[in-house]
Protein chains: 2
Amino acid sequence: MGSLHTDVVLEANNNNGAFGANNPLEPEEFRRQAHVMVDFLADYYRDVGSYPVRSQVEPGYLSKVLPGSAPNQPESLDAILRDVREHIVPGLTHWQSPSYFAYFPSSGSTAGFLGEMLSTGFNVVGFNWMSSPAATELESIVMDWLGGMLALPRPFLFSGGGGGVLQGTTCEAILCTLTAARDRMLGRVGREHIGRLVVYGSDQTHCALQKAAQIAGIHPANFRAVKTRREDHFGLSPAELRRAADADEAAGLIPLFLCATVGTTSSTAVDPLPGLCAAAAEKGMWVHVDAAYAGSACICPEFRGFIDGVEGADSFSLNAHKWFFTTLDCCCLWVKRPDALVRALSTNPEYLRNKATESRSVVDYKDWQIALSRRFRALKLWMVLRSYGVANLRNFLRGHVRMAKDFEAMVAADARFEVVVPRYFAMVCFRLLLPSPNAAGDETAANELNRRLLEAANASGRVYMTHAVVGGVYLIRFAVGATLTEEWHVRAAWKVVVEHAEELLKELCV
Amino acid sequence: MGSLHTDVVLEANNNNGAFGANNPLEPEEFRRQAHVMVDFLADYYRDVGSYPVRSQVEPGYLSKVLPGSAPNQPESLDAILRDVREHIVPGLTHWQSPSYFAYFPSSGSTAGFLGEMLSTGFNVVGFNWMSSPAATELESIVMDWLGGMLALPRPFLFSGGGGGVLQGTTCEAILCTLTAARDRMLGRVGREHIGRLVVYGSDQTHCALQKAAQIAGIHPANFRAVKTRREDHFGLSPAELRRAADADEAAGLIPLFLCATVGTTSSTAVDPLPGLCAAAAEKGMWVHVDAAYAGSACICPEFRGFIDGVEGADSFSLNAHKWFFTTLDCCCLWVKRPDALVRALSTNPEYLRNKATESRSVVDYKDWQIALSRRFRALKLWMVLRSYGVANLRNFLRGHVRMAKDFEAMVAADARFEVVVPRYFAMVCFRLLLPSPNAAGDETAANELNRRLLEAANASGRVYMTHAVVGGVYLIRFAVGATLTEEWHVRAAWKVVVEHAEELLKELCV
């Protein structure tokens with residue numbers, strides 16, 4: 001690695017200096033303790049399938065067992081790990097459990113973990129190119145790699161004049177693009193018109209959009225959650241969007257930003273990008289495509305069609321920490337016009353001035369995001385891509401989809417249940433039907449029945465699923481994607497559902 | 001850890017399911033590879049002192065050696081680590097090098113690393129209490145611990161009705177508190193007055209404030225960087241703040257938010273909190289205290305005086321990832337009125353509804369921050385506090401301060417140099433003086449001399465420092481705090497400075 005002055009290192013090894021062997025980063029003690037932690041975690045992955053998936057603790061449990069203040073003297077790793085085992089693990093909901101089917105997955109992997117170790121170990125703060133060139137350059141390269149795997153249109157890639165950046169979460173990605181869109185528009189119409197700007201999503205859009213609009217100072221009355229319909233499978237209708245934007249324009253407001261979703265949180269609905277981008281273009285709106293969950297699947301040719309039309313959007317994001325084996329947090333954002341981000345988000349204090357920046361030959365990612373400081377997240381994504389390779393990554397995702405199809409088939413084969421919306425990816429939305437005598441369209445009773453079913457199944461600790469309400473229907477979401485999940489876990493989960501459903505149905509018939 | 005159904009685990013071990021031994025999280029392969037990575041990193045810490053501190057690569061170096069697209073087939077960990085050694089490490093600026101004195105430190109530690117490993121390994125997404133109770137509860141407990149160590153006034157602690165939250169960076173902390181302050185004020189005066197709100201800092205305040213104001217939709221003309229003076233040691237004068245706010249009020253504007261700094265980035269200047277909080281209170285402004293760097297030192301009684309007056313502020317933050325042995329990212333934010341954050345930042349989608357939230361007996365941290373998703377950052381801070389204990393942590397910080405004092409003494413003892421501003425913590429701001437014949441107050445020449453000195457010293461690879469310009473003076477910042485730094489590294493760094501200064505002075509005399 002190009003040693004510079006070995007003599008100096010030798011001196012260091014003979015000199016214990018200020019802290020010596022007690023230095024908090026002394027390499028041999030680091031080695032010893034980190035090996036212990038590796039074994040702790042490997043054992044955790046081996047055993048996690050045996051823990052209650054959803055934590056069973058009560059609010060306030062932890063303050064009853066931990067002291068009220070920090071210790072004055074050091075404690076051993078053994079003592080700390082004992083507390084982790086006894087007090088922290090029972091308070092975890094095990095997102096890595098093979099029987100975890102809740103929310104969306106948070107799919108860890110060995111390669112993602114190792115990349116995070118490297119990043120944590122180097123602990124560089126890559127706010128600009130200068131502060132650690134490899135952090136910036138690897139990020140740009142990896143974002144072009146992944147963009148290529150997704151067949152993103154060239155204008156989203158560095159090689160095509162756009163570019164990608166790793167953010168923490170979709171919330172940040174939306175806030176950054178919304179801020180860029182806002183300032184571009186205010187540059188045209190004047191800052192004083194901030195109160196006239198309108199942001200659009202559907203009633204299925206993730207709450208990240210509303211939050212971003214709140215933070216960016218969009219008037220709360222100017223946030224539109226356009227209603228979707230069951231006959232559109234809860235996708236946002238371009239005609240409805242156009243109608244809403246027309247009405248706003250007629251009222252003297254200014255359509256600004258549309259967040260379209262590919263794979264909504266409630267039911268993985270897909271907004272029709274071509275029609276929406278066309279409608280937005282008529283109004284001069286910025287279109288962001290949020291494919292936080294489903295975007296990963298689009299590396300498979302058979303799923304790529306779900307983002308057809310993205311060429312009409314201004315920005316696109318997916319969360320590699322959801323369903324792409326890269327540990328939290330890792331949101332991949334591509335934009336066609338990085339300069340719009342930079343204009344809205346840059347600051348140039350003297351203490352960060354440097355020749356590389358002034359040469360304008362480098363990317364300074366601090367100007368593409370909210371924060372100045374940033375972790376070297378590209379390492380983990382790079383390690384995931386290289387360790388598994390594109391072919392395997394596709395197969396992993398297809399494996400999850402296949403397991404979801406199996407679950408769907410089991411639901412469909414049981415007349416007591418129904419699949420509520422079409423399954424596009426690896427999530428099945430289903431519900432238990434009210435038994436026929438009671439079934440006269442009593443949605444309230446049906447919803448209550450499924451609420452009870454879900455709570456009973458989750459309380460068993462053998463499975464964890466969550467719910468959504470879509471079009472007035474309470475549905476149970478079964479999201480396959482935890483890395484350790486195998487086919488038999490899916491079958492076992494279905495068994496848990498059926499057992500608890502039968503209990504409930506028995507009660508109803510009494 | 002309370003095994004639930006061991007029979008099921010046994011079944012799992014005999015069933016290779018969808019991916020079997022090729023599962024990306026297969027425990028024994030995880031164990032094998034993670035042990036390899038531990039040794040890689042321990043070796044890195046052993047050797048990092050021998051690498052050029054500032055990377056010597058040129059823009060674009062990495063794309064010349066990495067392929068243009070992701071591999072289709074898996075690559076081995078060996079192959080990846082070879083690339084890390086050959087291509088990534090030379091592109092790093094080594095923030096963990098013992099000869100790193102640039103910006104502010106990014107002080108890693110074994111305990112911080114282990115905490116990050118645990119958090120990455122569990123990989124839970126703790127957006128609300130329900131999604132992993134331990135993540136929320138440990139964070140609240142640890143924030144009260146650290147608040148207690150800092151002797152923060154009780155209203156900032158959960159035990160006193162306020163509370164603390166871990167954010168990624170100070171930028172996020174400021175944006176969240178500014179948004180809370182903005183919405184509180186707009187609630188009083190009406191949303192249409194957003195264009196009248198004014199944000200105050202000094203010309204020494206971190207650029208995070210300006211960026212937060214931009215994002216939050218504060219009119220760019222309403223951002224005040226109040227000028228500081230050398231005779232105030234570049235602290236913000238309460239009288240100047242009052243004057244600026246009076247002028248704004250007279251112009252029909254509304255003073256909203258003051259960011260006061262304890263330990264500025266350029267020169268660790270300290271804004272006088274009591275006077276500033278009093279002036280801000282007269283105007284009804286929210287006061288945030290940014291002690292990103294220097295806050296850590298305030299766990300030592302002899303430094304606590306620097307935040308005297310914080311009782312008059314609304315919020316306070318420090319970065320544990322700077323000078324508190326906790327790896328990036330970990331910004332600790334305390335607020336007196338969590339409800340102000342929650343009102344500005346909460347969203348309540350159906351898919352996150354749960355009994356615990358509805359009982360109002362838990363904290364849902366998603367409503368205290370920008371993003372929904374959040375990592376389990378409390379683990380690393382908890383491990384740092386427990387592994388080292390309060391007494392040792394104070395000693396580590398005092399060790400850095402002592403080394404900075406040593407460096408200061410060497411500067412002061414050499415008539416060719418001067419210490420430019422008082423040293424309060426572990427950073428020395430110094431410069432080389434123009435030799436007497438040329439010295440007639442030619443600041444431009446002096447600045448150029450020091451710019452060249454800094455560049456020469458950094459180009460040697462033996463040390464890395466950065467600069468600031470304060471009151472027109474270009475100064476070199478020497479920030480002690482990299483965990484591996486020992487006394488002899490400080491002496492060696494001074495030697496590097498002197499050697500290059502002598503070269504330059506010789507040139508001047510020719």
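Numbered from 1 within each chain, the chains take letters A, B, ... in sequence-line order.
- When A/A79, A/P220, A/A221 are compared by the number of non-hydrogen pairs under 4.5 Å with chain B, A/P220 comes out ahead.
- Contacts of B/I194 with chain A are made by side-chain atoms alone, with heavy-atom separations under 4.5 Å and no backbone atom involved.
- Looking at A/L146, there are no atoms closer than 4.5 Å to chain B (heavy atoms on both sides), in backbone or side chain.
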Item to check | side chain to side chain contact (heavy atoms under 4.5 Å, CB included) assessment of B/V124 paired with A/T93 | outcome: CA-CA 7 Å; B/V124 301; A/T93 289; 5.9 Å; no
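- A distance of 7.0 Å separates CD in B/Q214 from CG in A/D183, rounded to the nearest 0.5 Å.
- A/N392 is listed as a side-chain neighbour of B/P74, based on a closest heavy-atom distance under 4.5 Å.
- Judged purely by atom type and a 3.5 angstrom limit, A/Y351 has no side-chain atom pairing as donor or acceptor with the backbone of B/H206.
- Using a 4.5 Å cut-off between heavy atoms, A/N348 does not touch chain B at all.
- The main-chain N or O of B/Y61 is found under 3.5 Å from a side-chain atom of A/E137 such that the two form a donor-acceptor pair.
- Only the backbone of B/S107 comes within contact range of chain A, judged by heavy atoms closer than 4.5 Å.
- For a residue to count as touching a neighbouring chain, one of its non-hydrogen atoms must lie under 4.5 Å from one of that chain's; by this rule A/L345 touches chain B with backbone and side chain alike.
- The distance from the CD1 atom of B/I370 to the NZ atom of A/K211 is 8.5 Å, given to the nearest 0.5 Å.
- In terms of modelled atom types and a separation under 3.5 Å, the side chain of B/R375 and the main chain of A/L328 share a donor-acceptor contact.
- A donor-acceptor pair under 3.5 Å is formed between the side chain of A/W95 and the backbone N or O of B/S131.
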Item to check | Intermediate values then yes/no, side chain to side chain contact (heavy atoms under 4.5 Å, CB included), B/N22 and A/Y388 | outcome: CA-CA 10 Å; B/N22 292 323; A/Y388 304 121; over 6 Å; no
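- Contact of B/A216 with chain A is made through backbone and side chain together, with heavy-atom distances under 4.5 Å.
- Of the two parts of A/S140, neither the backbone nor the side chain holds a non-hydrogen atom closer than 4.5 Å to a non-hydrogen atom of chain B.
- Of the atoms belonging to B/F325, it is side-chain heavy atoms, and not backbone ones, that fall under 4.5 Å from chain A.
- For B/D43, the parts lying under 4.5 angstrom from a heavy atom of chain A are both the backbone and the side chain.
- B/I215 touches chain A through backbone and side chain together, each having a heavy atom under 4.5 Å away.
- Contacts of B/T179 with chain A are made by side-chain atoms alone, with heavy-atom separations under 4.5 Å and no backbone atom involved.
- Within the 4.5 Å cutoff, no side-chain heavy atoms of B/T120 are placed close to those of A/L41.
- Counting heavy-atom pairs closer than 4.5 Å to chain A, the top residue among B/G195, B/G148, B/G121 is B/G121.
- In this structure, A/D144 CG and B/S63 OG are separated by 10.0 Å, a value rounded to the nearest 0.5 Å.
- Options A/I141, A/V142, A/T169 differ in how many heavy-atom pairs under 4.5 Å they form with chain B, and the most are formed by A/I141.
- Contact count against chain B (heavy-atom pairs under 4.5 Å) is highest for A/S387 among A/G168, A/S387, A/S55, A/A492.
- Minimum interatomic distance between A/V57 and B/W129 (heavy atoms only, all atoms of both residues): O-CH2, 3.5 Å.
- Proximity to chain B (any heavy atom under 4.5 Å) is restricted, for A/V362, to the side chain, taken from C-beta onward.
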Next on the checklist: Could you go through A/L77 and B/M383, starting from their C-alpha distance and side-chain angles, then the distance that decides it, and tell me whether this counts as side chain to side chain contact (heavy atoms under 4.5 Å, CB included)?
Outcome noted: CA-CA 9 Å; A/L77 180 56; B/M383 288 201 64; 3.8 Å; yes
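- For chain B, the nearby parts of A/A391 are the backbone and the side chain; heavy atoms of each come within less than 4.5 Å.
- Only the side chain of A/Y103 comes within contact range of chain B, with heavy atoms under 4.5 Å apart.
- Rounding to the nearest 0.5 Å places CZ of A/F122 at 5.0 Å from CG of B/L92.
- Taking the side chain as every heavy atom from C-beta outward, B/R54 and A/M130 approach each other to under 4.5 Å.
- Contacts between A/R374 and chain B at a heavy-atom distance below 4.5 Å involve the backbone alone (N, CA, C, O).
- In this structure, A/Q33 CD and B/M117 CE are separated by 11.0 Å, a value rounded to the nearest 0.5 Å.
- Taking NE2 from B/H467 and CD from A/E350, the interatomic distance works out to 3.5 Å, rounded to the nearest 0.5 Å.
- Heavy-atom distances place no part of A/H94 under 4.5 Å from chain B, backbone and side chain included.
- Only the side chain of A/L175 comes within less than 4.5 Å of a heavy atom in chain B; its backbone stays farther off.
- Of the residues considered (A/D39, A/V125, A/L385, A/L118), A/V125 shows the highest number of contacts with chain B, using heavy-atom pairs under 4.5 Å.
- Ranked by heavy-atom pairs shorter than 4.5 Å toward chain B, the options A/A356, A/A111, A/P59, A/S109 are led by A/P59.
- Contact count against chain B (heavy-atom pairs under 4.5 Å) is highest for A/A371 among A/S359, A/A468, A/A371.
- At a 4.5 Å heavy-atom cutoff, the contact between B/E116 and chain A is made by side-chain atoms alone.
- Looking at A/M37, both its backbone and its side chain come within 4.5 Å of chain B, counting heavy atoms on both sides.
- Using a distance-only test at 3.5 Å, with no hydrogens or angles considered, a donor-acceptor pair links the side chain of B/N123 to the main chain of A/S106.
- Counting heavy-atom pairs closer than 4.5 Å to chain A, the top-ranked of the candidates B/S373, B/A135, B/A34 is B/A34.
- Residue contact with chain B, scored on non-hydrogen atoms closer than 4.5 Å, involves the backbone and the side chain of A/S132 alike.
- A/R31 CZ: more than 12 foreign heavy atoms inside a 6.0 Å radius.
- For the ring pair (Phe, Tyr, Trp, His ring centres under 6.0 Å) with B/F30, the lone residue among A/F113, A/F40, A/Y44 that qualifies is A/F113.
- The two residues B/Y45 and A/P27 have their closest heavy-atom pair at C-CG, 3.8 Å.
- Residue contact with chain B, scored on non-hydrogen atoms closer than 4.5 Å, involves the backbone and the side chain of A/S361 alike.
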